[in-house]
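Working notes, structure below.
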Amino acid sequence: MAPPKAQRASDFFPQGRRDKTRPEQDGGGSHSPTPASDQGSDTEALQPPPGDISLSEAKMAAMLQELRSSMKEDLQLAVNDIRREVHEVGTRLNALEEKTDDLCQANDGILDKIRQMESEQVRLTAKLADLEDRSRRNNIRVRGVPESVAGPDIPEYLRQLFTAIQPSLEPADLRLDRAHRVPKPATLARDIPRDIVTKLHYFSAKDAILTAQRKSTAMPPGYETISLFADLSPMTMARRRDFINVTKCLRNHKIPYRWGFPTKLLIWRNGTLTKLEDPDQGMHKLKAWGLFPDHAPPNHPATPGQVAQEWTKVQRKK
């Protein structure tokens, strides 16, 4: 049985196909010319009757209608599949946007908490350094004492040194609670003597000794290689080193200053007291005074900022 399409095609021109496939009857000889009257009669014989034409048009219309219905069903199925997939993608996208929005808000909350904790950490660190410095407030760090001065001889050597620096002190004022050498950094040469840390019983005696040493232009004879410093905590020393460019500029311009607690610079200039609690603030102040015109603020690592939303959430129709 022939397929439907082949059957329909054979129904359209049955006579013409039979004429094309008709075998030769004259033994393969030459054909004689056909008179015009014979050609006309053959053409009339090939034309289908009027009833066959209307039947073919009806079949064609039925085939087109069937094809249209089939394509419509296929397109409807494809559109439904695409619509379902788009809806699923939209639902998942909406869920991702909501989750991202929640993550942004959570991240902003974490950043606020981190800033709060950093501020609290700075405050506690400064408080701890201040407490440690107060516990060392009677200490003096002596640098340059030869290693030949051994442990038992250190207290007497320091009393003689302090008396030479501040002769007004009585022997009773130079009461030393303790005096000992401290380890030196590994970066220093081996021939450099270790520092000596001593604690005076009276703070007034310690303050008088350091004040006299700051005011004097040179150390007493026999002690030219000796230097005296306040004994401070490592945190305070590191904090003061951050101000090294500021203090160097102040010394070059002979502007008096002193250290405050917690670590800050107290500068007297033109009868006005200026407090500097941050090295950058100090550099900007020196630049404003015209003392440090070539200052370029240091580059600090940027603090993470809050995450901004890059979209507007739209409620999609379900």
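Heavy-atom basis, side chains included; hydrogens, waters and symmetry copies ignored. One-based numbering along the sequence shown.
The closest side-chain heavy-atom distance from F229 to I140 is not below 4.5 Å. Under the 4.5 Å side-chain criterion, counting only non-hydrogen atoms from C-beta, P185 is in contact with L188. Residues V182 and I196 form no side-chain contact, since every pair of their non-hydrogen atoms from C-beta on lies 4.5 Å or further apart. Side-chain contact between T91 and H87 is present, with heavy atoms from C-beta onward closer than 4.5 Å. T198 places a side-chain heavy atom less than 4.5 Å from the side chain of L200. Under the 4.5 Å side-chain criterion, counting only non-hydrogen atoms from C-beta, Q213 is in contact with M219. Counting heavy atoms from C-beta on, the side chains of W289 and N270 never come closer than 4.5 Å. Between Y223 and L228, every side-chain heavy-atom pair lies at or beyond the 4.5 Å cut-off.
Screening residues 185-199 for salt bridge (charged side-chain N to carboxylate O under 4.0 Å, His left out) gives R141-D195, R143-D195, E147-R194 as the qualifying pairs, with residues at least two apart or on separate chains.
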Donor-acceptor contacts, no H, no angles, side chain residues 250-257, under 3.5 Å, sequence neighbours left out:
residue: R251; atom: NH1; partner: Y257; partner atom: OH; Å: 3.0
residue: N252; atom: ND2; partner: K248; partner atom: O; Å: 3.2
residue: H253; atom: ND1; partner: C249; partner atom: O; Å: 2.9

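Counting all heavy atoms, side chain and backbone alike, D173 lies closest to A205 at O-CB, 3.5 Å. The minimum heavy-atom distance linking D231 with N139 is given by the pair OD2-ND2, 3.1 Å. The minimum heavy-atom distance linking R181 with V149 is given by the pair NH2-O, 3.3 Å. Counting all heavy atoms, side chain and backbone alike, T236 lies closest to S233 at OG1-OG, 3.0 Å. When all heavy atoms are compared, the tightest approach of K184 to A189 is NZ-O, 2.8 Å. Annotation for T263 and R240: closest pair CG2-CG, 3.9 Å, computed over non-hydrogen atoms.
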| said: If you apply the rule side-chain contact (heavy atoms from CB on, under 4.5 Å), what do you find for R241 with M237, and how did you get there? | reply: CA-CA 6 Å; R241 280 193 291 269; M237 294 299 297; 4.0 Å; yes

| said: Between L131 and S135, is the side-chain contact (heavy atoms from CB on, under 4.5 Å) condition met? List the steps. | reply: CA-CA 6 Å; L131 292 175; S135 69; over 6 Å; no

| said: salt bridge (charged side-chain N to carboxylate O under 4.0 Å, His left out) for E118 and R115? Distances and angles first, verdict last. | reply: CA-CA 5 Å; E118 287 178 345; R115 293 191 184 97; over 6 Å; no

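For L266, the side-chain contact (heavy atoms from CB on, under 4.5 Å) partners are R258, K264, L273, K275, not counting sequence neighbours.
When hydrophobic clusters are built by joining Ile, Leu, Val, Met, Phe, Trp and Tyr residues whose side-chain heavy atoms come closer than 4.5 Å, directly or via intermediates, V197 is not grouped with L176. In terms of hydrophobic clustering, with Ile, Leu, Val, Met, Phe, Trp and Tyr side chains grouped at heavy-atom distances under 4.5 Å, V246 and L291 are assigned to a common cluster. In the hydrophobic clustering of ILVMFWY residues, with side-chain heavy atoms under 4.5 Å counting as a link, L174 and Y202 come out apart. Under a hydrophobic clustering in which Ile, Leu, Val, Met, Phe, Trp and Tyr are joined whenever their side-chain heavy atoms come within less than 4.5 Å, directly or via other members, L276 and L232 fall into different clusters. Under a hydrophobic clustering in which Ile, Leu, Val, Met, Phe, Trp and Tyr are joined whenever their side-chain heavy atoms come within less than 4.5 Å, directly or via other members, W259 and L286 fall into the same cluster.
Under the 4.0 Å criterion applied to side-chain N and carboxylate O atoms, R159 and E156 are assigned as salt-bridge partners. A salt bridge between R84 and D81 is present, with a side-chain N of the basic residue lying under 4.0 Å from a carboxylate O of the acidic one. At a threshold of 4.0 Å, the pair D133-R137 does not count as salt-bridged, since none of the basic side-chain nitrogens sits closer than that to a carboxylate oxygen. Using a 4.0 Å cut-off between charged nitrogen and carboxylate oxygen, R92 and E88 do not count as a salt-bridge pair.
In this model, no donor atom of one side chain and acceptor atom of the other lie less than 3.5 Å apart for D112 and Q116. If you check the side chains of T125 and Q121, you find a donor sitting under 3.5 Å from an acceptor.
Counted within 6.0 Å of CG on L77, heavy atoms from surrounding residues, nucleotides or ligands total more than 12; the atom is thus considered enclosed.
Checking side-chain atoms of N94 against main-chain N and O of G90 turns up no donor-acceptor pair under 3.5 Å.
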